[in-house]
Amino acid sequence: MTTLRFTADLWRWEAQTGWFFVTVAPDASARIREVPRAPRGFGSVRVRATVGATSWTTSVFPDARRGAYVLPVKRAVRQAEDLDEGDPADVVLEVLE
C-alpha cells in the first residue's frame, strides 16, 4: 500500500459550490498515476484519507485542468477539523488499489 503525505489548500468547486476539494501534490499525483490498475469511473482511485484526526474512505479523481488528482473533503471532515475555503490541510493518503 502506498502512503502519501502533503499539505494543500481547501478550495470550492465552481460548478457545484457545496463541494470542496484539495489538490493532491504533483509528486503524489505522479506516484498514483504510475501504478497500473483496472479502470474505474471517472478515472477514480480508491484511497483512505486522513486530515488531522479524521479519516475516511473515498476516491481521488484526475483533474486535467490542474494536472493532478483532487480529493473531495466532505462537510463532516471540514467541521471536525475546523477547515474553511482557503485553509491549508495536512493530508495523508493511503492508496487502496
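Excluded from the calculations below are hydrogen atoms, water molecules and symmetry mates; all remaining heavy atoms, backbone and side chain alike, are included.
Of all the heavy atoms in R48 and T57, the pair that sits closest is NH1-OG1, 3.4 Å. Across every non-hydrogen atom of W56 and P72, the tightest pair is CZ2-O, 3.6 Å. Between V22 and A8, the closest heavy-atom pair is CG1-O, 3.9 Å. The two residues R31 and T3 come nearest to each other via the heavy atoms NH1-O, 4.1 Å. Residues S55 and T50 share a closest heavy-atom pair of OG-OG1, 2.7 Å.
Under a 3.5 Å cut-off, the side chain of E94 and the backbone N or O of T2 do not form any donor-acceptor pair. A donor-acceptor pair under 3.5 Å links the side-chain atoms of R78 to the main chain of V73, judged by distance alone. Under a 3.5 Å cut-off, the side chain of S44 and the backbone N or O of F61 do not form any donor-acceptor pair.
With rounding to the nearest 0.5 angstrom, the OH atom of Y69 is 13.5 Å from the OG1 atom of T23. Summarising the geometry, atom CD belonging to E85 is positioned 10.0 Å from atom CG belonging to D9; distances are rounded to the nearest 0.5 Å. Note that CG of L83 is 9.0 Å distant from CG of D90, once rounded to the nearest 0.5 Å. Annotation: the span from F20 atom CZ to L71 atom CG amounts to 13.5 Å, rounded to 0.5 Å.
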Task: Test side chain to side chain contact (heavy atoms under 4.5 Å, CB included) applied to F6 and L93, step by step - done: CA-CA 9 Å; F6 61 93; L93 285 184; 3.9 Å; yes
- [ ] Would you please test R46 and E97 for salt bridge (charged side-chain N to carboxylate O under 4.0 Å, His left out) and show each step?
- [x] CA-CA 6 Å; R46 297 289 297 161; E97 48 183 39; 5.9 Å; no
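Across L4, V95, I32, a single residue satisfies side-chain contact (heavy atoms from CB on, under 4.5 Å) together with V60, and that is I32.
Between S59 and V45, the closest side-chain pair of non-hydrogen atoms is not below 4.5 Å. Counting heavy atoms from C-beta outward, D84 and L10 have side chains that stay 4.5 Å or more apart.
Cation-pi geometry between R66 and W11 is satisfied (NZ or CZ under 6.0 Å from the ring centre, within 45° of the ring normal).
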